[in-house]
Amino acid sequence: MSQPLPTVLVVDDRPNMLRLLQKVLKRDARVLAAQGGSEAIRMLESEAISVVICDLKMPDIDGIEVLKASKELRPDAQFILMTAYASVATAVDAMRLGAYDYLTKPFEPEAVRAVVLRALNRAATTPSEDPDETGTAENVEALPGLIGRSPVMRELGGLVRKIAASESTALIMGETGSGKERIARALHSLSPRRAQRFIAVNAAAIPAELLESELFGYARGSFSGATRDRAGLFEEAHKGVLFLDEIGEMRPSLQAKLTRAIEERAVRRLGESRERAVDVRLIAATHRDLSAMVKSGGFREDLWYRLNVALIRVPALRERRADIEFLATHFLREIAGSIPDRRLSGFTSEAQAALGRYAWPGNVRQLRSAVERACVVGTNERIDVEDLPPEVMDTAETSGHPDLAALTWQEASDRARDDSARRYLLGVLKRHSGRIA
């Protein structure tokens with residue numbers, strides 16, 4: 001049995017606009033139309049509305065008053081304001097009152113549909129206590145310190161909690177910037193060893209010739225400069241957790257010694273013959289495909305089997321696009337507090353669309369850097385497409401276009417001309433605050 005469509009309420013005093021939006025949204029939602037603010041408020045009282053898309057200027061009750069009524073009658077409904085360029089300041093005020101987004105006229109039908117679809121997704125995942133405001137609701141954090149609402153992140157959170165309760169060696173695999181160290185710290189904070197030390201070391205950041213002494217320690221005189229005995233990180237992590245990041249970069253001779261330390265739960269300092277027992281839970285992480293490295297001879301097979309006990313694969317950001325907008329907003333609020341004399345209220349719908357389309361090869365780390373860059377270079381209260389890094393901004397220019405090679409020369413030329421004309425006219429309208437004259 002199919003799920004019923006969510007309900008969208010469209011509010012405008014012009015019948016032709018109501019008909020247009022009903023036609024654009026009919027595939028995605030049950031669309032109700034209200035020809036004015038008074039009628040909209042009556043519908044909000046009687047209907048379970050998920051999203052309201054409302055014009056600002058109406059003769060009886062304006063859009064701001066409808067927004068206030070919506071927040072009182074349907075607090076979980078997402079509100080989108082439609083306005084002209086000349087009223088952008090009013091739209092920003094609406095965002096402060098709790099509007100989800102606003103659209104500036106004139107707009108393309110597909111732009112409206114994209115914003116409404118995002119609002120419907122937000123409405124479907126937002127509880128009565130808005131986690132965007134509190135930042136502490138349970139559905140915000142998939143794990144301690146790791147934000148995500150998407151189904152794949154909830155599944156990951158469940159797996160990590162199960163593994164955290166055990167003493168098994170854990171291996172975290174995922175792309176650079178996807179949050180592997182945060183997963184490791186969550187494993188520690190949820191484990192019985194949470195009160196003990198968590199020691200992290202990046203195998204790629206320490207020269208290969210020094211990494212062995214860092215991990216296992218050394219005796220005085222074992223090499224030039226060893227003027228005293230020193231315990232290694234395994235001994236320092238006794239009773240706690242040792243996190244080895246980028247373990248795929250470790251040289252084979254050290255892999256052999258690590259394999260023995262895991263097997264015997266004991267380490268031998270450089271220059272000593274006796275072994276010292278250690279009680280350490282090992283968590284390793286890598287962005288490399290270790291199984292492929294085993295086949296090519298770049299990683300020891302016996303170490304791979306000992307690490308691959310509790311395997312955690314961290315999804316790339318492009319695999320959980322439902323989290324992109326929420327993460328970007330979280331980073332915006334986090335960064336905005338450190339920028340003096342600057343008010344930041346969110347992202348324009350165009351910027352949100354560009355963020356959602358980009359592939360994010362650097363994952364969450366790259367997203368945060370992009371938001372920070374936009375906060376620094378932008379001058380308006382809302383981050384726009386032009387504030388985003390060039391590689392992200394480019395997706396806004398090329399999105400929605402079919403492969404040009406699949407078009408005829410005339411079709412490709414016509415499309416390029418139409419796109420250029422649209423961007424030019426929108427730019428002129430924005431420059432002159434919507435004054436067509």
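Bear in mind the structure is a predicted one, so any value in this text is a computation, not a measurement.
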task = Please say whether more than 12 non-hydrogen atoms of neighbouring residues, nucleotides or ligands are located less than 6.0 Å from CZ in R161.
result = yes
Point to revise | Greater than 12 external heavy atoms within 6.0 Å of R182's CZ | key: no
L290 and G248 have their tightest heavy-atom pair at CD2-CA, 4.0 Å
Correct closest heavy-atom pair for A186 and L143 would be CB-CB, 4.0 Å
Test side-chain hydrogen bond (donor to acceptor under 3.5 Å, both in side chains) on R30 and T7; report intermediate values, then the result. CA-CA 5 Å; R30 168 179 171 247; T7 300; 3.0 Å; yes
Closest heavy-atom pair, A200 versus R185, reported as atoms and distance to 0.1 Å, is CB-NH2, 4.4 Å
Taking NZ, NE, NH1 and NH2 as the nitrogens, is one of them in D101 or R382 under 4.0 Å from a carboxylate oxygen of the other? yes
- Task: Show your reasoning for whether side-chain hydrogen bond (donor to acceptor under 3.5 Å, both in side chains) applies to E175 and N363.
- Result: CA-CA 8 Å; E175 295 180 4; N363 293 289; 3.2 Å; yes
Check: Hey, is CD on E209 packed in by over 12 heavy atoms from elsewhere, all under 6.0 Å?
Finding: yes
Quiz item: Is there a side-chain contact between R113 and R118, using heavy atoms and a 4.5 Å cut-off?
Solution: no
Q.
I'd like to know if K68 and E72 make a salt bridge, using a cut-off of under 4.0 Å between side-chain N and carboxylate O.
A. no
Interatomic distance, CZ@F326 vs CZ@F331, rounded to 0.5 Å, equals 10.0 Å
Heavy-atom side-chain proximity of E167 to R193 below 4.5 angstrom
yes
Between the OG atom in S191 and the CD1 atom in I283, the distance rounded to the nearest 0.5 Å is 7.5 Å
Heavy-atom nearest pair, V8 first then L120, reads CG2-CD2, 4.0 Å
**Item:** Salt bridge E325-R321, side-chain N to carboxylate O under 4.0 Å
**Value:** no
To the nearest 0.5 Å, atom CD of Q366 lies from atom CZ of R368 at 14.0 Å
task: Give a yes/no verdict on a cation-pi contact between K71 and F79, requiring under 6.0 Å between NZ or CZ and the six-membered ring centre and an angle within 45° of the axis.
output: no
Find out whether I199 and F243 are in side-chain contact, i.e. whether some heavy atom of one side chain is under 4.5 Å from a heavy atom of the other. no
The salt bridge (charged side-chain N to carboxylate O under 4.0 Å, His left out) partner of R268 among E235, E212, E275 is E275
Checklist line | Verdict with reasoning, V11 to I53, per side-chain contact (heavy atoms from CB on, under 4.5 Å) | finding: CA-CA 6 Å; V11 189; I53 178 167; over 6 Å; no
Taken to the nearest 0.5 Å, the spacing of T286 OG1 from K180 NZ works out to 7.5 Å
Next on the checklist: Between the side chains of D279 and K239, is the shortest nitrogen-to-carboxylate-oxygen separation below 4.0 Å, so that they form an ion pair?
Outcome noted: yes
All heavy atoms of M153 vs all of I147, minimum pair found to be CE-O, 4.4 Å
Rounded to the nearest 0.5 Å, the CG atom of L215 sits from the CG atom of L242 at a distance of 6.5 Å
Side-chain donor-acceptor contact under 3.5 Å, D384 with T348: yes
Contacts of E65 meeting side chain to side chain donor-acceptor pair (under 3.5 Å) (sequence neighbours excluded), chain-then-number -> none
